[in-house]
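Chain letters run A, B, ... following the sequence lines, proteins first and then strands; every chain starts at 1.
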Amino acid sequence: MYHKPPTTEAQLMTRAVAMSGLTVRQLAEIVSENIPPDLKQHKGWLGQLVERYLGASAHSKAAPDFEALSIELKTIPVDESGTSRESTYVCTVPLLELANVSWEASWVYRKLSHVLWVPIITPPLTALPDRLIGMPLLWRPAAEEAASLRADWQELTDMIALGQLEQVTAYHGNILQIRPKAADGRALCWGINEEGERFLTLPRGFYLRSRFTTALMQKYFQLQK
DNA sequence: CATTGATCATAA
DNA sequence: TTATGATCAATG
């Protein structure tokens, strides 16, 4: 069973709430997907399962998951107390021509301006089929959250614009960090060094630290019905 | 034992 | 090769 793309927020939320409380096994059955033994070689499988159920429209396109609604979907593994178990990938880091890009025009801003968070309740050692879909949260950054994101984005973007990409590590940024995002350690793309010359480097991505997503859960969430 | 740096699958 | 979806696993 596949849903068509939702046309209203209310429709999307009705579906998302209906999905909560199901096990991954039940959701896979509804969507007619086979469950892999674990996520080791299928890291994006669960996110895509939820996409299909909810009717996300932008499969592997550079667009919000729900295009008509401009809403991004993120599944997030949490334990039974709502503590996030992983960081959350946001988008790739543009390494070229990022000078003079405003916060409002940045990919990070646009990706995070409206997000449907779907927690996957995953206590330690829970087998994939037994994980529970939690209550969804439709989120827009509060002023304080947006300011914090903006400050991190600005700091990291400034470093890259100055050609200091090789000095940026995952330790930079309070809630937003930059880490490799690549097929493996041999994947390369172009960056700009301090002399303004192009050089080959590992592709990078922006990620939300798990302490931030954990704070979101605990501020706004009712994990289960 | 939380966090960083590395990695896996798939589509276009 | 770039985008999407992320989690794995070594390490400080």
Side-chain angles (χ1 to χ4, degrees), chain A residues 2 5 24 27-28 31 33-67 70-79 81-98 106-108 110-112 115-129 131 133-134 152 156 165-191 198 200-215 217:
Chain A
Y2 287 72
V24 168
L27 187 62
V31 182
E33 290 288 327
N34 295 317
I35 306 185
D38 55 51
L39 295 179
K40 284 183 188 178
Q41 296 189 306
H42 303 271
K43 296 179 179 179
W45 179 83
L46 191 41
Q48 289 164 349
L49 183 71
V50 172
E51 278 188 353
R52 288 189 193 109
Y53 180 83
L54 294 177
S57 48
H59 306 288
S60 80
K61 286 195 288 181
D65 294 291
F66 303 103
E67 287 182 280
S70 296
I71 292 175
E72 179 72 16
L73 173 67
K74 290 289 178 196
T75 58
I76 176 174
V78 300
D79 69 14
S81 72
T83 301
S84 169
R85 299 179 56 77
E86 282 289 350
S87 57
T88 300
Y89 171 68
V90 179
C91 61
T92 55
V93 179
L95 298 180
L96 303 173
E97 296 159 6
L98 43 50
S106 71
W107 295 1
V108 175
R110 287 183 290 174
K111 280 272 183 178
L112 295 182
V115 178
L116 178 65
W117 296 99
V118 176
I120 308 296
I121 305 170
T122 310
L125 303 179
T126 308
L128 179 56
R131 298 177 191 177
I133 314 300
D152 281 351
L156 294 164
L165 175 61
E166 298 301 276
Q167 281 79 61
V168 176
T169 75
Y171 292 98
H172 291 87
N174 291 313
I175 62 178
L176 198 63
Q177 65 179 175
I178 286 179
R179 308 215 308 274
K181 165 66 166 152
D184 56 51
R186 295 171 296 279
L188 292 173
C189 68
W190 293 106
R198 288 157 75 98
L200 285 169
T201 187
L202 207 50
R204 309 301 213 285
F206 283 109
Y207 294 79
L208 292 173
R209 292 181 185 278
S210 53
R211 69 163 165 268
F212 176 72
T213 49
T214 293
M217 304 291 132

In whole angstroms, the gap separating P of dG5(B) from CD of Q167(A) amounts to 13 Å
To the nearest angstrom, the CZ-P distance between R211(A) and dC1(B) comes to 19 Å
Applying ring-ring contact (aromatic ring centres under 6.0 Å, His included) to F212(A) and not counting sequence neighbours gives none
Contact list (N/O, under 3.5 angstrom) for nucleotides 5-9 of chain C vs protein:
{"residue": "dG5(C)", "atom": "OP1", "partner": "D65(A)", "partner atom": "OD1", "Å": "2.8"}
{"residue": "dG5(C)", "atom": "OP1", "partner": "D65(A)", "partner atom": "OD2", "Å": "3.1"}
{"residue": "dG5(C)", "atom": "OP1", "partner": "E72(A)", "partner atom": "OE2", "Å": "3.2"}
{"residue": "dG5(C)", "atom": "N7", "partner": "K181(A)", "partner atom": "NZ", "Å": "3.3"}
{"residue": "dG5(C)", "atom": "O6", "partner": "K181(A)", "partner atom": "NZ", "Å": "2.3"}
{"residue": "dG5(C)", "atom": "N2", "partner": "G44(A)", "partner atom": "N", "Å": "3.3"}
{"residue": "dA6(C)", "atom": "OP1", "partner": "T75(A)", "partner atom": "N", "Å": "3.0"}
{"residue": "dA6(C)", "atom": "OP1", "partner": "T75(A)", "partner atom": "OG1", "Å": "2.6"}
{"residue": "dA6(C)", "atom": "N6", "partner": "Y207(A)", "partner atom": "OH", "Å": "2.8"}
{"residue": "dT7(C)", "atom": "O2", "partner": "K43(A)", "partner atom": "NZ", "Å": "3.0"}
{"residue": "dT7(C)", "atom": "O4", "partner": "R179(A)", "partner atom": "NH2", "Å": "3.4"}
{"residue": "dC8(C)", "atom": "O4'", "partner": "K43(A)", "partner atom": "NZ", "Å": "3.4"}
{"residue": "dC8(C)", "atom": "N4", "partner": "E86(A)", "partner atom": "OE1", "Å": "3.2"}

Query raised in the report: Charged N to carboxylate O under 4.0 angstrom, E67(A) versus K61(A)?
Result: yes
Residues, nucleotides or ligands: over 12 heavy atoms within 6.0 Å of D184(A) CG
yes
Separation of dT4(B) atom P from R204(A) atom CZ, nearest Å, is 14 Å
Rounded to whole Å, CG of L165(A) lies from P of dG5(B) at a distance of 12 Å
Rounded to whole Å, the CD1-C1' distance (I178(A) to dA6(B)) equals 17 Å
note: Y171(A), atom OH; dG12(C), atom C1'; distance rounded to Å ~ 6 Å
| message | Is a donor from one side chain sitting under 3.5 angstrom from an acceptor on the other, for S87(A) and R179(A)? | response | yes
When every non-hydrogen atom of V90(A) is compared with those of K74(A), the smallest separation belongs to O-NZ, 4.2 Å
Assert: residue with more 5' nearest nucleotide on DNA chain B, out of Q177(A) and A183(A), is Q177(A)
### Query
Regarding S84(A) and S210(A), is there a side-chain donor-to-acceptor distance under 3.5 Å anywhere?
no
In whole angstroms, the gap separating P of dT4(C) from CZ of F66(A) amounts to 15 Å
Between CD of E33(A) and P of dA9(B) the distance, given in whole Å, is 17 Å
Is R209(A) close enough to dT4(B) that one of its side-chain N or O atoms is under 4.0 Å from OP1 or OP2 there? yes
Hits for salt bridge (charged side-chain N to carboxylate O under 4.0 Å, His left out) against E86(A), two or more places apart or cross-chain, chain-then-number order -> none
Requested in this report: Would you classify W107(A) as touching base, sugar-phosphate or nothing, given that sugar-phosphate means primed atoms plus P, OP1 and OP2, and contacts are heavy atoms under 4.0 Å?
Outcome: sugar-phosphate
